[in-house]
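Letters A, B, ... mirror the listed sequences (proteins, then strands); counts begin at 1.
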Amino acid sequence: MENLVYIALFAPLAGSLFAALFGMSKKNIITGIVTSTLIFISFVASAILFSHVMTVGPVHVRMMDWIMAGDMLIPFGFLVDQISVTMMTVVTLVSTVVHIYSNGYMDHDKSFNRFFSYLSAFVFSMMVLVMSDNFLGLFIGWEGVGVCSWLLIGFWYHKEDVSREVNPSISPSWAANEAFIMNRIADLGMLVGIFILYWNVGSLQYDVVFAALPNLSDGILVAAAVALFIGAMGKSAQFPLHTWLTDAMEGPTPVSALIHAATMVTAGVFLVIRANPLYSMEAVHWVSYFIAALGTFVAVFAASMALVNRDLKRIIAFSTLSQLGYMFAAAGLGAYWIALFHLAAHAFFKALLFLGAGNVMHAMDGELDIFKMGGLKKVMRWTYLYMGVASLALSGIGIAGIGFAGYFSKDAIIEVAFNEHTYVLWTILVLTAGLTAFYSFRQVFLTFHGNERYHALGIHPHEMYGYVLVALSPLAILAVVAGFYKDWFEHFVTKLLPEYHMSEHTHHIAWILGLLVIAFAVGGIVLAYIKYNRGLKRNEKLERSFVYRLLSNQYYIPIFYEKTISKPYAALSRFSWGTVDQKVVDATVDGIGKFIKTTGDTTRKIQTGNLSDYLRWMAGGALLLVAIAFVAFKLSQGAH
Amino acid sequence: MVMIAFYFFAVLITLLFLVTVMSKNVLYAMTSLAAGMVLISGLFFILGADFLGAVQLIVYVGAVMALYSFAMMFFDMSKDVKEKNGSAATVFVLGGAIALMLVVVFSAPVIGQGVSSLYPEAAGATNPQAVGLVLFTKYLVPFEVAAVMLLVAMISGIILAGKKMDASLSTTEEEIPEMTQGGEK
Amino acid sequence: MIHEVTWVGAAVKALIALLLVSAVAGFGTYIERKVLAWMQRRPGPAHVGPFGLLQLAADGIKLFTKEDFIPQFSNRLIFSIAPVITAGTAFMALAAVPIFPDFTFPEWIPLLGGVFVPSIASDVNIGILFILAAMAAGLYGPLLAGMSQQNKWGIIGAARTAVQFLSYEVVTGLSLLAPIMLVGSLSLVDFNDHQAAGIGSWLIWQQPLAFVLFLIAGFAETNRTPFDLLEHEAEIVSGFVTEYSGLRWGLFFVGEYANMITIGILASVIFCGGYSDFLFIPGWLMMGLKVSFFFFLMLWVRASWPHIRPDQLMWLSWKVLMPLAVVNVVITGIVMMAIG
Amino acid sequence: MIGLGHYLILSGILFSIGLVGVLRRKNLLMLFFATEIMLNAVNIAFAAISNHYHDMAGQMFAFFVIAVAASEVAVGLGLLVILYKKYGTLDLDAYTVMRG
């Protein structure tokens, strides 16, 4: 089993290094094939490990001692238990699909090989993140995915910066930097959390830390929980660190699918789930409640912005944000296994949605404005099918125990909110479910139904390559059927995660609650159908209204950030650069350099190349040394 | 008696070495140096280091200086040495300062405390015996190393000087342009 | 009975040695000519005085009256010092050589009555080394003489001096090392005492190779035929003495003869029993006989052997004599260790 | 009475004479001579100290200094011959190739 762990972990790295060998050369289909194969191998290994964990139990391997400094001993160990093996399987499965998909999608890109190198490196980092048996390894993976995310968002770094009106993300490199910097801010919190734990426990191993938790004081627990959650907020793009996620759509679509929907952004959720013993502590219950509240807020907040957005990928990104909110709500309320289940299910249909969007984008020559599409179902039958299925899953359609994946996972979360008597949260989540359905199908209808507005742009859409469509099928199937495994999954993960049971009361009215959610969801779909099925009818008055503009400008938060943080910070930086750095630091350094240069220039004349002169200098030095030695000796003698 | 001998030797050695250092004539320099070394062996005899004195005579006077004079025959030593002795003041100030410094150091009352004999002279042994006793026990390794060093020096001397020995030394004219080329850049 | 060595005794010894050697050096020329003549079947000096004995005086007068000439471009100071060095170092070496046994002046002699005269003027306990050192210093005579005179022959002679003396000093030293090991002392008195037991205890029997080597090296160091390359008339006119005349030349001459006697004495003392009494013959006479024999040997060799070339000289020294001497030392060492 | 100080001061003075020679002379052969003077000066100090403390170590060092001097002569003279062949002079100033 140990070998399988290493294969699952290092196969992506091998692929990445292999692709990196050809990083600067022309497109070479072999890199795509090799990396895809290796990721698939990793997936197979993960799957085998999954069955192993299910039948036998967790695998814990210790590769080597990593950091040994004084009392500090941090081994490079990997833990494959129910949580991590779920993540591993999901990650590698989605990655495999995305890799295969990318072979088609990146077909014409000249940095084909580089892309695969980054993509595989990302998978490796993610595997380190989920497999590590200690917080530091997790942090390494955490930073690794951050770097890969930066590389991949800014993959088309050569694109020029444009104004915010033309493109809210300004440019890929800008978006990459934004994502990276936001994550860094959050990572500081995460680091502080890790330090707090190490300082008080003396170890970073999960088992050791969690075993020691009851001995820690409340203040420390709260501090650690808050600090770690700040890290999770950054990676999972929770308010107020959410703006990077939509801007990250500047990256290639497979990246958006893999990183910004299925895997990386769920790392924050994963962290909270992983650290569930900490968040389950009585002392930190209000932190958990805050997590749930924030998650709920983000769910509705993001959904509201998705309502009016015209960018295909951004809509999906907002929906991702919204769904992450759901996951945090579940985790915050203590239903960790439900959060993990939603995480996995969401990964499938969200990746499918993104890849479908990629197909559309590919067909539309890179155009993403849904107002310019319409009627694509004729030419893109399969994509239409996939996106429809994914949207249904996202909307949580289903009834009486039969339905798409989202139906099982999302409804469970809403149920949890009701069960915990947090009715405000419950209300908002139900409402959000309706919003989700509306914006999902608004996008579907605007893209695939109605009049064919793309003709005006002179675009001739075409369906994606066949093998790509085939490769997407597992995701589609899973998006449909994943929900049926809910009980089985519960049984599997609650061996490790705390069980969560609905109260008797909730259980009784569960069908009413489910019906209510479905009603909202169907209502949303119907509304979208009525409004958009026939084609696009723009309502100028509505679009000029304050609310509409507020939503379409993302509550002016990016502008607010720019005005209140970026601009003053830039001014401060400029000041520091101009005054402090150049006039003080640089001047000092330059002064030292100048002094040495002048000294050199002056003393260079000593070096005449004439041995006699050298001898004289030597004699002078010897005289000086003897004098110093004598004086020093005399002084030391005087001292005694 | 010893005092007379010491001052006699000391004054003479100083004068002879001064001649060596100041003389323009290589022959004078060499002769006075050799004579000074002979007299230094006299100092060694006074100090009871008989063997050292004999070695000084045999090696320094008999071999080292003889080699110098032999080497002198390779060079044109008939004329006086012409040197540009730039700033004589610097040299004498430096030399004088070091002399002063050394005299001050040596005359300062720092000698003696806590110094004990590391390898005391064997009682009743003559000086050569005492030398042999220490040299072949405590200093055996340095002695062997010195022997190897001498061998190496001998071989290198042979190789350095022996190369192209058939080329005439007096006809260096054709090589002078090469030198001036290097020198006038 | 232990005798106090007074400075008077030392002075007497020094005086005797000086006079004796000077006299022998002068007389030696006569003997040399006579012996060579005898060997070559000709009369030699025969007309001045009985058996030509006064030829010596005639030559002396000639030397004294010869013009003391110093070449124009030579280095005058060095030129005049050089002969003195030769003679001086030769006598310095003699100071540590025992020429005859200790004796005390009989009481009846005025002034010197009862004065103890030691066998060695200065009994330095490193006798042999001192003699070698003094003889090594002796090479400066010819060397400086040759270099100071601005004469091609002189320079060549000086170069040969340096080469020859340096090379054969090595052989001398190494060849003496084996006897020194046997005796365990550097003092010549000890050497003498070591062999006092009669002719059987002479070191020549134990160290024949060392003896031969020493003798050959001694010939070279005293500039005797067949090694008289320093002033080889046929090649380099007169070598380092080309420009010398009169008394200065005479000093070289005296120095050379003094050195010959020193070598003779050394050979006698180190290898042939020294000044110990032999049967009925008293020690001083024995010593005289031995030295005379070695002196005669040198003349004999001169009469019988041709010169050798400089390259043969070097070859002989470095490739034959020195290895032999080293081998001799090693074998002696091994044998001594074996015997214990 | 002649004490250790006398010898040491003599040694210091001789050393300085040698040093002046080293500094003053431009002729390489003369430089070598001056170096020998310095070595000899040090040897006097060694012998004197050895005598003062009745310790053979000083003399040992003097022996090794002499051995070093002998090696130095062998190598140094070889170099001198080569330099003379190359430059036709033994003057240090003539060897100045670098321009400071």
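- In terms of heavy-atom pairs under 4.5 Å with chain D, the best-connected choice from Leu52(B), Leu18(B), Leu43(B), Leu67(B) is Leu52(B).
- Note that CD of Gln56(B) is 4.5 Å distant from CG of Asn40(D), once rounded to the nearest 0.5 Å.
- Val64(B) is not listed as a side-chain neighbour of Glu72(D), based on a closest heavy-atom distance of 4.5 Å or more.
- At least one side-chain heavy atom of Glu36(D) sits less than 4.5 Å from a side-chain heavy atom of Met37(B).
- For the set Gly76(D), Ala70(D), Gly58(D), Ala45(D), the entry with the most heavy-atom pairs within less than 4.5 Å of chain B is Ala70(D).
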Tabulate below the donor-acceptor pairs under 3.5 Å that side-chain atoms of residues 7-22 of chain D make, not counting sequence neighbours, or state none.
from	atom 1	to	atom 2	distance (Å)
Ser11(D)	OG	Ala41(D)	O	2.8
Ser16(D)	OG	Ala99(B)	N	3.1
Ser16(D)	OG	Gly12(D)	O	3.0

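- With a 4.5 angstrom heavy-atom cutoff, Tyr60(B) touches chain D only via side-chain atoms.
- Of the two parts of Ser156(B), only the side chain, counted from C-beta on, holds a non-hydrogen atom closer than 4.5 Å to a non-hydrogen atom of chain D.
- The two residues Val26(B) and Met30(D) make their nearest non-hydrogen contact at CA-CE, 3.7 Å.
- When heavy atoms are compared at a cutoff of 4.5 Å, Leu33(B) approaches chain D solely by way of its side chain, counted from C-beta outward.
- Residue Tyr139(B) holds its OH atom at 11.0 Å from CD of Gln59(D), rounded to the nearest 0.5 Å.
- Residues Met60(D) and Phe143(B) are not in side-chain contact: their nearest non-hydrogen atoms beyond the backbone lie 4.5 Å or more apart.
- Only the side chain of Met65(B) comes within less than 4.5 Å of a heavy atom of chain D; its backbone N, CA, C and O stay farther away.
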I'd like a table of donor-acceptor pairs (distance under 3.5 Å, sequence neighbours excluded) in which one partner is a side-chain atom from residues 61-69 of chain D, with atom names and distances.
none

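- With a 4.5 angstrom heavy-atom cutoff, Leu77(D) touches chain B only via side-chain atoms.
- Within the 4.5 Å cutoff, no side-chain heavy atoms of Asn43(D) are placed close to those of Ile40(B).
- Proximity to chain D is absent for every atom of Ala63(B), based on heavy atoms less than 4.5 angstrom apart.
- Residue Tyr68(B) touches chain D through both its backbone and its side chain, counting heavy-atom pairs closer than 4.5 Å.
- Highest contact tally toward chain D, considering only Ile155(B), Leu100(B), Ile98(B), is held by Ile98(B) [criterion: heavy-atom pairs under 4.5 Å].
- Considering every non-hydrogen atom in both Ala153(B) and Ala74(D), the closest pair reads O-CB, 3.6 Å.
- Annotation: maximal heavy-atom pairing with chain D below 4.5 Å, among Thr14(B), Leu94(B), Val152(B), Leu151(B), occurs at Thr14(B).
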